[in-house]
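Beneath this line is the structure, given in structure tokens, with notes to follow.
Letters go in sequence order (proteins before strands), and every chain restarts at 1. All values reported here derive from a predicted model rather than from experimental measurement. Below, each value reflects all heavy atoms present in this structure, side chains not excepted, and no hydrogens, waters or symmetry copies.
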Amino acid sequence: MNILSLLISALSQGMIYAPMALGVFIAFRILNTPDLTIDGSFVAGMCVCAVVTITGHPYLALLCGMVTGALAGLVTGLLQTKLRINPILSGILTMTGLYTINFMMLGGQSNLYLQRTVVNSAGAETQVASDTMYKTFRNFLVQLTGNRRLDNNLSVLIITGLIVLAVAVILSVFFFTRPGMAIRATGDNEEMVRSSSINADMSRIQGIMLSNALVAFSGALLCEQQRYADLNFGSGMLVVGLASVIIGQVFFGKRSVTLGIFSAVAGSLIYRLILQAAYKVDMPSYAVKLLSAVIVVIALSIPLVRRKIAEKRAERGEEGEA
Amino acid sequence: MNALSLVNLKKTFEKGTPNAKVALNGISLEAAPGDFITVLGSNGAGKSTLFNAILGKFRLDRGRIVLDGEDITYEKDYRRALNIGCLYQNPLRGTAPSMTIEENLALAYSRKASKSFFAVNRKDCEYFRSLLRELNLGLEDRMKTKMGLLSGGQRQAASLLMAIIAEPKLLLLDEHTAALDPPTARKVLDLTKTIVASRRLTCMMITHNMQSALEAGNRTIMMDDGRIVLDVSGEERANMTVQQLVARFRETAGRDLAVDRMLLG
């Protein structure tokens, strides 16, 4: 593969994971609540999408994936607000429960390919690949350009990029509407929201649902792109999302919500570029999670390290004067 | 009709344990519309507990709370907030730091605002600007500034606006100037008096400053051990000095006033 196609491949993956980064951004940055449901809802999105896509409804599948994520978020939200269970534990509980549900959706297997068995006229069984959004769009592009050797990743990048752009714009607008602002304020000062006669529990639940819907949507997109769903794909997804959000912040800052939304998307793209570069120098694929964890640790420790350095400097400065 | 009626409010925290604490021991109070009641009492007298009971932060053991003819005893806290504005000692409690001044005001105003698509809109902003102008702090020109960048006094003044922005039936002020430096505290207190008077709000204000308790408002109550032990208004109050107030407390409560944090001057 040449550099350009590597780049396109990385960016297309970055776009697919961008809604997940947006979900993490909403949970961690806007609601200020660590939500571990994310690992589970990503896989839930994948599984539902796989099952529905196989029945021949690839677009409905994406929608169903998203709704499933929202429902997972609803469960976590209710645990947090109505039963007052610690947010981290609430997420872990939902995630753990989801594992069983995801397993059942995949029919007791750990993965499911987007294909179905067809018996042809001769009575032989053959596997037919299910239609996906990506397949349809690539065919459309091939017809449009007449280029039968069109880079598959390029078509993935284009359609996913358009979707992500739409999602980011809608979200940016949403957070300035009344319910959107109530969600932001709930993450910022929940007591003030209650004092303003807004049901903060409801805003919190809405926020968690939105966040997990986006995460599951990301899982659904990935499922259609790679043409299979895998039960164990979600573990560590949260860290990947967090890494994307933090990387985005490093590059674009966090001055406003809108900027935060677009920098989460950018962070997802940059994160995949970093991974691609790491693969290029022969990093084994199983090292991805360690790399993600290290990125997050480094990024989170930067403010403290900076302060320590400043303190040390001040100390030395004082000694110099004395 | 009374603006606020409290009927025999009782609350014991950690009931049935050795730590049981009677916080409200049969509080009854009738406030007429436009009453500005200052609330005095030493630490642990139950002043903040009384406010929290009115705000619905916990369920009472007994008693009824009637606000403007409507029984709100069993209403959820956020529903009561539709008609009750409150302000606490800590200026950080009333505002969302990472949101702008206009967004904070818009959120507080959402109680009464017409349901527009965007939370911040031009019509409401004009109203916010006119309110901010009343503060004389120059905040009307900084409406897009994040709340977290304001000083404590500015934030408290903004919180005051947020508490009254939706024209509440009752305003509760829980030592809202205690965390501010003296000049700022005076300014915020003056603002409070002006705003309460201009809107004829029914208001209760907890304070530790006996002088300002007598100066502000038209009625003063003093609490001790979960009860109201003193309730003065009218001419009696107008002629009262701090010393007389302390003496009256001794008479009714049967002991000396614990002058822990209370300021006599």
Given B/R111 and A/I198, is the side-chain contact (heavy atoms from CB on, under 4.5 Å) satisfied, shown in steps?
CA-CA 8 Å; B/R111 285 175 266 205; A/I198 294 169; over 6 Å; no
Give the C-alpha distance, both sets of side-chain angles, the deciding distance and a yes or no for side-chain contact (heavy atoms from CB on, under 4.5 Å) between B/L107 and A/M181.
CA-CA 7 Å; B/L107 197 93; A/M181 206 175 65; 3.7 Å; yes
Before you tell me yes or no, could you show the steps for B/R79 and A/N199 under side-chain contact (heavy atoms from CB on, under 4.5 Å), namely the whole-Å CA-CA distance, both residues' side-chain angles and the distance that decides it to 0.1 Å?
CA-CA 8 Å; B/R79 287 193 179 278; A/N199 187 344; over 6 Å; no
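Contact of B/L92 with chain A is made through the backbone alone, with heavy-atom distances under 4.5 Å. Proximity to chain A involves both the backbone and the side chain of B/N104, based on heavy atoms less than 4.5 angstrom apart. In this structure, chain A has no heavy atom under 4.5 Å from any part of B/T100. Of the atoms belonging to A/V173, heavy atoms from both backbone and side chain fall under 4.5 Å from chain B.
Around CZ of A/R84, the count of heavy atoms belonging to other residues, nucleotides or ligands within 6.0 Å exceeds 12. Residue-environment remark: CD (B/E167) stays at or below the threshold of 12 foreign heavy atoms within 6.0 Å. By the neighbour-count criterion of 12 heavy atoms within 6.0 Å, atom NZ of A/K308 is sparsely surrounded, having that number or fewer from other residues, nucleotides or ligands. Counting heavy atoms of neighbouring residues, nucleotides and ligands inside a 6.0 Å radius, atom NZ of B/K112 exceeds 12 of them. For CZ of A/R255, the number of neighbouring non-hydrogen atoms (other residues, nucleotides, ligands) closer than 6.0 Å is 12 at most. Crowding of B/R199 atom CZ: a count of heavy atoms from other residues, nucleotides or ligands under 6.0 Å exceeding 12.
Of the N and O atoms on the side chains of B/S98 and A/R184, not one donor lies less than 3.5 Å from an acceptor on the other residue.
Contact annotation for residues 143-165 of chain B against chain A (heavy-atom separation below 4.5 Å, listed by residue number): B/K146, B/M162.
Between the side chain of A/N189 and the main chain of B/R93, a donor-acceptor pair closer than 3.5 Å is present. In terms of modelled atom types and a separation under 3.5 Å, the side chain of B/R80 and the main chain of A/S197 share no donor-acceptor contact.
Summarising the geometry of B/A119 relative to A/R178, their closest heavy-atom pair is O-NH2, 3.7 Å, with the distance given to 0.1 Å. Minimum heavy-atom separation, B/A108 to A/S196: CA-OG, 3.5 Å. Contact detail for B/M99 and A/D188: the closest heavy-atom pair is N-OD2, 3.6 Å. Between B/C86 and A/S195, the shortest heavy-atom contact is SG-OG, 4.2 Å.
Between chain A and the residues B/T95, B/D77, B/N121, the largest count of heavy-atom pairs under 4.5 Å involves B/T95. Chosen from B/L82, B/N83, B/I84, the residue pairing most often with chain A at heavy-atom distances under 4.5 Å is B/L82. The most heavy-atom pairs under 4.5 Å with chain A, out of B/P97, B/G94, B/A166, B/S110, come from B/P97.
Atom CZ of B/F117 sits about 9.0 Å away from atom CZ of A/F174, to the nearest 0.5 Å.
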